Amino acid sequence: NAGVTQTPKFQVLKTGQSMTLQCAQDMNHEYMSWYRQDPGMGLRLIHYSVGAGITDQGEVPNGYNVSRSTTEDFPLRLLSAAPSQTSVYFCASSYPGNQDGAFFGPGTRLTVL
Amino acid sequence: AQSVAQPEDQVNVAEGNPLTVKCTYSVSGNPYLFWYVQYPNRGLQFLLKYITGDNLVKGSYGFEAEFNKSQTSFHLKKPSALVSDSALYFCAVRDPAYGNNRLAFGKGNQVVVIP
């Protein structure tokens with residue numbers, strides 16, 4: 001199993017540009033989430049999903065969209081990038097009854113100029 | 001709402017000395033508590049968890065954590081630190097009403113083990 005994969009690893013955008021961060025998992029997990037990591041603030045939940053076709057907002061959803069058309073994929077879209085969205089983004093997956101928290105991808109480092 | 005506090009920014013410890021990383025939490029109901037470690041340019045790796053049972057839980061790489069319900073704390077400990085333990089450590093909590101897709105994390109503690 002590849003686990004949770006994220007692409008790209010690094011990305012530089014200009015203010016106002018749009019892009020999609022990709023996340024995929026091959027463990028057939030129902031739960032998937034997106035977090036952003038900022039220095040001194042830990043990880044904050046952006047959006048999450050409990051299954052294909054079902055998504056909901058987390059703690060910091062503004063400026064981001066998600067969709068979950070398949071169990072495997074959970075892309076995160078930035079519609080109009082802003083410098084405040086410069087961060088490291090982590091995707092995670094899990095399943096009901098899992099007691100070991102969540103499985104995390106390697107992250108995408110995004111810089112918005 | 002669930003939340004986690006990690007009061008220190010950085011923990012410096014000499015190699016071979018005991019290591020403690022502090023964590024306090026707030027959650028309604030009985031918490032699920034986790035510690036994760038992040039090495040440079042890597043994702044988060046699960047270290048250990050407390051769900052129920054013994055207050056002292058043991059995890060990977062010789063780490064352990066003590067759950068204290070009255071103090072709402074879940075401090076991470078290692079009896080003898082190694083230089084390779086230098087990393088960023090995150091405490092996380094999950095409200096049992098939520099799934100593992102809704103973890104609340106602390107800000108993280110940078111641990112520096114000095115040779």
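The sequence lines fix the lettering, A, B, ..., with proteins before strands; numbering per chain opens at 1. The model shown is predicted, which means the values in this text are computed figures rather than measured ones.
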(message) Below 4.5 Å, heavy-atom pairs only: which of A:Glu59, A:Met41, A:Arg44 has the largest tally toward chain B?
(response)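 Highest number of pairs under 4.5 Å: A:Met41.
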(request) Select, from A:Tyr95, A:Trp34, A:Phe90, the one with the greatest count of heavy-atom pairs under 4.5 Å involving chain B. (result)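 Top count of heavy-atom pairs under 4.5 Å with chain B: A:Phe90.
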For the hydrophobic clusters of this structure (ILVMFWY residues joined by side-chain heavy atoms under 4.5 Å, transitively), does one cluster hold both [X] and [Y]?
X	Y	value
B:Val57	B:Val27	yes
B:Phe105	B:Leu47	no
B:Val111	B:Val4	yes
A:Leu76	A:Val4	no
B:Val11	B:Val37	yes

(message) Any heavy-atom pair between the side chains of A:Lys9 and B:Asn41 that's under 4.5 Å?
(response) no
(message) Looking at B:Arg42, I want to see if its CZ is surrounded by more than 12 non-hydrogen atoms of other residues, nucleotides or ligands under 6.0 Å.
(response)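 At most 12 heavy atoms, drawn from other residues, nucleotides or ligands, come within 6.0 Å of this atom.
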(message) More than 12 heavy atoms of other residues, nucleotides or ligands under 6.0 Å from CG of B:Asn30: yes or no?
(response)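 12 or below, so no.
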(request) Scan A:Phe103, A:Tyr35, A:Phe104 and name whichever one has a side-chain contact (heavy atoms from CB on, under 4.5 Å) with B:Leu44. (result)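 Of A:Phe103, A:Tyr35, A:Phe104, side-chain contact (heavy atoms from CB on, under 4.5 Å) with B:Leu44 is met by A:Phe104 alone.
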Does any backbone or side-chain atom of [X] lie under 4.5 Å from a heavy atom of chain A? Answer side chain, backbone, both or neither.
X	answer
B:Leu88	side chain
B:Gln38	side chain
B:Phe90	side chain
B:Arg94	side chain

Which bit of [X] is near chain B, if near means a heavy-atom gap under 4.5 Å: side chain, backbone, both or neither?
X	answer
A:Glu30	neither
A:Ser49	backbone
A:Ala102	both
A:Leu43	both
A:Val50	both

